[in-house]
Amino acid sequence: MQNHFSILKRALHFLLLTLIISEAIGQNQLQPSDFLSKDFHAERRQKLREKMTPGSVAVFFANPVRNRANDVDYNYHQDPDFYYLTGYREPNAVLLIFKEKQKAPSGPDYDEIIFVQARNERAETWTGRRLGPAGVTAQLGFKMAFNGAEFSRYPIDFSKFSQVFFHEFQNDVRNEADSADLYDLILQFRRKANYPEVNDLVISQEKPANNLNISQLETYMEELRGIKTKEELDLLSMAVKISCAGQVEVMKALKPGMSEREIQGIHEFVFKKYQAEDLGYPSIVGAGHNGCILHYTENYRPQVDGKDLILMDLGAEYRGYTADITRTIPINGKFNPEQKIIYELVLNAQEQAMTICKPGTPFRDLLVATQKVIAKGLMENGIIKEEKEVRKYYPHGCCHHIGLDVHDRGVYDKLEENMVITIEPGIYIPLDSNVDPKWRGIAVRIEDDYLITKSGYEHLSKSAPRTVKEIEDIMTLPSALDDFILPTLKKD
Ligand code: GLY
Ligand code: MN
Ligand code: MN
């Protein structure tokens, strides 16, 4: 008995100590630990290699740093293809993936090599830590990682490859004092691969080499990125859950007189509270007829009117993966009869598409299914006369992949297991429409996220209330923000 007690005591003591230690590690952790694993990225590179034609090489560049104004840049965001294949989240880097093993002057043969930003104490004091080649080797699992400046000296004869795959360059890279920034890496690549550009830095009379291929990589990446792995699904589901939580909190907190910005802020505060690092796209919060602007991101209306609807299309980005969810709700908590008719029409259209949401269904059929329901409803309510007029009030597509991009790379032929897509029908009736005035200014979009399963779908965003009753019910609940009242600020 005595013995059992002391074992139990020691076990409890150990458990407590473990909890204290893991808590301490959590507090000292420099960054979240649930990013994609290095094994994921290595496996994705291998999958790409398997698709590549014999004797080829694929070349990827990091996203450029983009200037916001003067000496301030936008927050850096990695190119999603580059991130998918590497996990590297810094600028000024180039990745080469070879179909076959390459001979190294010394050391083992290799089939991939990455050049990254050099460590630099001064730069890191200003703009943050860098992994450098050693960090890339240790944390991201690359065996061949070098400073960017090495790329110009790297002996590679691109003419020997059957194909050199790369994405066409965006023309917004700037040249910094740094001699191995993205500008220089691209310049070196152009010279090495004989892909001349007539500008003041590369003046060449030569024709581009004919093994250069700027279109195929997109197809390869669409095939890979369109089908999500388990690791990706975990992160994507978290992005969706967080975005739903934002919708729920706004439904409780919304009051007439708030500004569109303030409502946007509540969503985005919830995202950050759950440690989402970014937004997948600029938030769309449009009250009344502002909702008719499909990608309205000004969110500038100072006071929303109780009699209007508000359309809110937002997605948290969690470890690179973004949700894409839209809810449209009555600002005073109750749909009026016209709002309810339009809302339920859009909801029925979405439900109709959901009935055919399974492997084998062509993407296009989802759109057609939503258009049919909406056209019929608009005709019954005298808003349009003929089915073909539906595009006037439902002018966009209904479905797209989501993932590292909100409009993610993916094949748009038929639905397949482990794709993640949106279904997002909408009706938008601008103020100047030639319809009964009671319909004018109504804008409704309902957008949900779905994982395609073996025989159907999983409705990932179902925790955000969606029916008229669910929305009206939740809007009667109190909010933690009801007491968050700030003093009025007056101009002097
Ligand atoms: N949020 C952009 C879209 O719905 O496609
Ligand atoms: Mn969408
Ligand atoms: Mn959206």
Side-chain angles (χ1 to χ4, degrees), residues 77 80 222 225-226 228 236-237 239-248 250-251 260 263-264 266-268 270-271 276 278-287 290-299 309-318 320-329 343 346-347 349-351 353-354 357 363-364 366-371 374 391 393-412 415 419-428 443-452 457-466 471:
H77 193 285
E222 282 166 359
R225 283 178 50 193
K228 271 58 182 184
L236 195 41
S237 306
V240 172
K241 277 188 203 150
I242 293 172
S243 309
C244 288
Q247 297 282 359
V248 166
V250 167
M251 287 180 192
E260 289 174 343
I263 297 159
Q264 171 188 355
I266 299 171
H267 283 278
E268 293 179 8
V270 173
F271 296 177
D278 210 340
L279 304 171
Y281 52 93
S283 300
I284 299 166
V285 179
N290 282 344
C292 294
I293 302 167
L294 301 177
H295 285 177
Y296 171 78
T297 54
E298 268 184 318
N299 307 344
L309 296 175
I310 186 161
L311 186 157
M312 306 177 295
D313 181 346
L314 303 96
E317 182 176 308
Y318 186 83
Y321 286 83
T322 183
D324 185 8
I325 297 170
T326 309
R327 289 292 180 265
T328 307
I329 63 175
Y343 188 88
V346 176
L347 187 65
Q350 193 191 42
E351 296 272 349
M354 285 159 68
C357 187
F363 264 82
R364 179 142 186 91
L366 298 172
L367 177 63
V368 171
T370 58
Q371 282 174 333
I374 289 178
R391 299 299 287 164
Y393 300 112
Y394 175 22
H396 57 74
C398 90
C399 307
H400 57 84
H401 294 266
I402 56 171
L404 289 172
D405 280 303
V406 62
H407 296 160
D408 208 32
R409 282 202 199 281
V411 176
Y412 281 86
L415 298 182
M419 286 181 169
V420 181
I421 64 157
T422 66
I423 303 181
E424 51 171 314
I427 297 177
Y428 314 87
V444 173
R445 177 158 68 249
I446 306 173
E447 178 170 29
D448 280 81
D449 301 341
Y450 306 84
L451 164 66
I452 308 303
Y457 64 86
E458 187 186 333
H459 189 171
L460 299 178
S461 50
K462 63 175 182 294
S463 62
R466 201 167 57 103
I471 291 170

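The basis for the numbers below is simple: all heavy atoms, side chains too, and nothing from hydrogens, waters or symmetry mates. Ligands are counted one by one from 1 in listed order, and the atoms in each one are counted from 1 as well. Values in this document were obtained by computation on a predicted structure and should not be read as measured data.
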No-hydrogen, no-angle side-chain donor-acceptor test under 3.5 Å, Glu424 and His400: yes
Test log, rule ring-ring contact (aromatic ring centres under 6.0 Å, His included), inputs His401 and Tyr412: CA-CA 8 Å; His401 294 266; Tyr412 281 86; 4.7 Å; yes
Separation between CD of Gln247 and CD1 of Ile329, rounded to the nearest 0.5 Å: 7.5 Å
Contact check, side chains of Tyr281 and Thr297, non-hydrogen atoms, under 4.5 Å: no
Point-to-point distance, once rounded to the nearest 0.5 Å, from CD1 of Ile402 to OH of Tyr321: 11.5 Å
Arg364, CZ: over 12 other non-hydrogen atoms inside 6.0 angstrom: no
Test item: side-chain donor near acceptor, Asp449 and Ser461, under 3.5 Å: no
Metal site the Mn ion (ligand 2): N/O/S of Asp324 inside 2.8 Å: yes
Sorted by chain and number, the residues that approach ligand 1 to under 4.0 Å with a heavy atom: Tyr281, His295, Asp313, Asp324, His400, His407, Glu424, Glu447
Angle, OD2 of Asp313 through the Mn ion (ligand 3) to OE1 of Glu447 - 10° precision: 100°
At the Mn ion (ligand 2): angle between Glu424 atom OE2 and His400 atom NE2, to 10 degrees: 80°
